[in-house]
Protein chains: 2
Amino acid sequence: MSAERQDLRKAGLKVTLPRLKVLEILEDAELRHMSAEDVYKALLETGEEIGLATVYRVLTQFEGAGLVSRLSIDGGHAVFELEDGAHHDHLLCVKCNQIEEFVDEVIEQRQRAIAAEKGFEMTEHSLYIYGICKRCQAENN
Amino acid sequence: MSAERQDLRKAGLKVTLPRLKVLEILEDAELRHMSAEDVYKALLETGEEIGLATVYRVLTQFEGAGLVSRLSIDGGHAVFELEDGAHHDHLLCVKCNQIEEFVDEVIEQRQRAIAAEKGFEMTEHSLYIYGICKRCQAENN
DNA sequence: AGTGTAAATGAGGACGGTTTTCATTTATAT
DNA sequence: ATATAAATGAAAACCGTCCTCATTTACACT
């Protein structure tokens, strides 16, 4: 049994062709961050006839099962990434849309402190730094 | 000439009734953070017959003119707030949708440092802390 | 292996927030 | 006053996402 089949079983999901294929796409993609549309197109390219609605459903289930996490990029569509258990925040290039990840314990700590100060029971947070990546600066277009 | 008229002129916008009324709503509202729909409803309550499309247009123009800023809440609709020149981040209650503001210079600084480390020229950032506010915890519903 | 049953899928339409279109109205410069 | 460019209203278009429902599929149990 492949590793993907096991992952799905462990997540309590029936092993179906759409789920296997979506998981493969996410694992094999050179881009770690993909929108539902990206996954759909990648599936088409590999010759799989899987409906867009199914892609959305599967990604949402994967999110619920903890296999992927969903990022809500500023003002736009959702982007998914394979969950690796390690929390991190994101840095986005506003020109090429490349996404980098980072973790900063100082920021994490300050956030907890602020929530506590305000009397909030923090459930989660989202931090995005927007900017122009090194490569795009070099191309300065 | 009212202060609102001057604000609009200064922003390079023609002084029209819809723009004046939207600005008044934002200034007089007890809620500092309002969606386009909120503003639209508030206008109806004051007896102004201004179309929702116009509200969206006006808010977008105000954003471009620096009169308001737009928050992109996780997964949902946009929320607008009067711009007061002072940068701040937000803390949102996931139960009552109340929004609080905060500024933390340590976090600001760490963000700049992270962008620099990664070779990014930072243009902006967005930080939202989600949680349950004190009041909602007390009601524990 | 065969089969019943609940779950998953595909196709297309619905949906909600936001934006566009285009004909009509309005603010401002002259 | 009037010309003209800009702003507005109403309705339709849009876009990402989700739902509906008929059909297919995976899995549990003979």
Side-chain angles (χ1 to χ4, degrees), chain A residues 1-2 4-25 33-44 47-65 67-80 97, chain B residues 1-2 4-25 33-44 47-65 67-80 97:
Chain A
M1 191 195 303
S2 76
E4 286 82 19
R5 299 183 82 85
Q6 290 180 11
D7 289 343
L8 291 174
R9 285 263 161 70
K10 211 183 312 179
L13 297 170
K14 283 213 296 205
V15 177
T16 65
L17 193 132
R19 301 215 258 238
L20 278 173
K21 293 301 177 187
V22 169
L23 194 48
E24 278 176 21
I25 292 290
H33 300 90
M34 302 181 80
S35 68
E37 195 72 36
D38 290 338
V39 172
Y40 177 63
K41 284 183 189 149
L43 286 166
L44 291 183
E48 297 298 334
E49 299 277 340
I50 294 175
L52 182 54
T54 299
V55 172
Y56 275 103
R57 258 187 307 236
V58 168
L59 288 171
T60 301
Q61 289 156 352
F62 283 7
E63 186 190 13
L67 291 175
V68 306
S69 41
R70 179 192 303 251
L71 314 186
S72 297
I73 304 301
D74 199 34
H77 42 191
V79 172
F80 297 84
N97 295 316
Chain B
M1 188 194 303
S2 75
E4 287 82 18
R5 299 182 82 85
Q6 290 179 12
D7 289 342
L8 291 175
R9 285 261 160 70
K10 209 181 315 175
L13 297 170
K14 284 213 297 205
V15 176
T16 64
L17 193 131
R19 301 217 257 237
L20 279 173
K21 292 302 177 187
V22 169
L23 194 48
E24 278 176 20
I25 291 290
H33 300 92
M34 302 181 78
S35 67
E37 194 73 35
D38 291 338
V39 172
Y40 177 64
K41 284 182 190 152
L43 286 166
L44 291 183
E48 297 298 335
E49 298 279 337
I50 294 175
L52 182 55
T54 298
V55 173
Y56 274 104
R57 259 186 307 237
V58 168
L59 288 171
T60 301
Q61 291 156 351
F62 282 7
E63 185 190 13
L67 291 176
V68 305
S69 41
R70 179 193 301 253
L71 314 187
S72 296
I73 304 301
D74 197 35
H77 43 192
V79 173
F80 299 84
N97 296 315

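In what follows, chains are A, B, ... by sequence order, proteins preceding strands, each numbered from 1. None of these values were measured; they are calculated from a predicted model.
- For B/H77, the side-chain atoms get nearest to C/dT18 when compared with the rest of D/dA7, D/dA10, C/dT18.
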Sub-3.5 Å pairs of nitrogen or oxygen atoms, protein against nucleotides 22-27 of chain C:
{"residue": "C/dA27", "atom": "O3'", "partner": "B/V15", "partner atom": "O", "Å": "3.4"}

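- When distances run from any side-chain atom of B/A53 to the nucleotides C/dG17, D/dC18, D/dA10, the shortest one goes to D/dA10.
- Contact annotation: the side chain of B/L8 approaches that of B/F62 to within less than 4.5 Å [non-hydrogen atoms, C-beta and beyond].
- The side chain of B/Y56 contributes an N or O atom lying less than 4.0 Å from OP1 or OP2 of C/dT18.
- Remark: A/T16 engages no residue in a side chain to side chain donor-acceptor pair (under 3.5 Å) (not counting sequence neighbours).
- Residues satisfying the side chain to side chain contact (heavy atoms under 4.5 Å, CB included) test with B/L17, not counting sequence neighbours, are B/K21, B/E48, B/I50.
- Atom pair A/R5:CZ and D/dC27:P shows a separation of 7 Å (rounding to whole Å applied).
- Every side chain to side chain contact (heavy atoms under 4.5 Å, CB included) that A/Y40 has, sequence neighbours left out, goes to A/E37, A/L44, A/L52, A/V55.
- Applying the salt bridge (Lys or Arg N to Asp or Glu O under 4.0 Å) test to residues at least two apart or on different chains, none of the pairs has a partner in residues 49-62 of chain A.
- Residues meeting the side chain to side chain contact (heavy atoms under 4.5 Å, CB included) test with B/T60, sequence neighbours left out: B/R70.
- With the end axes of the helix from C/dA1-D/dT30 to C/dT30-D/dA1 each set by five pairs, the angle from one to the other reads 30° at 10° resolution.
- Listed by chain and residue number, nothing satisfies the side chain to side chain donor-acceptor pair (under 3.5 Å) test with A/D7 (two or more places apart in sequence, or in another chain).
- Checking C/dT20, C/dT18, D/dC19 against the side-chain heavy atoms of B/A36 singles out C/dT18 as nearest.
- When heavy atoms are screened at a 4.0 angstrom cut-off, A/E37 is found touching no nucleic acid atom at all.
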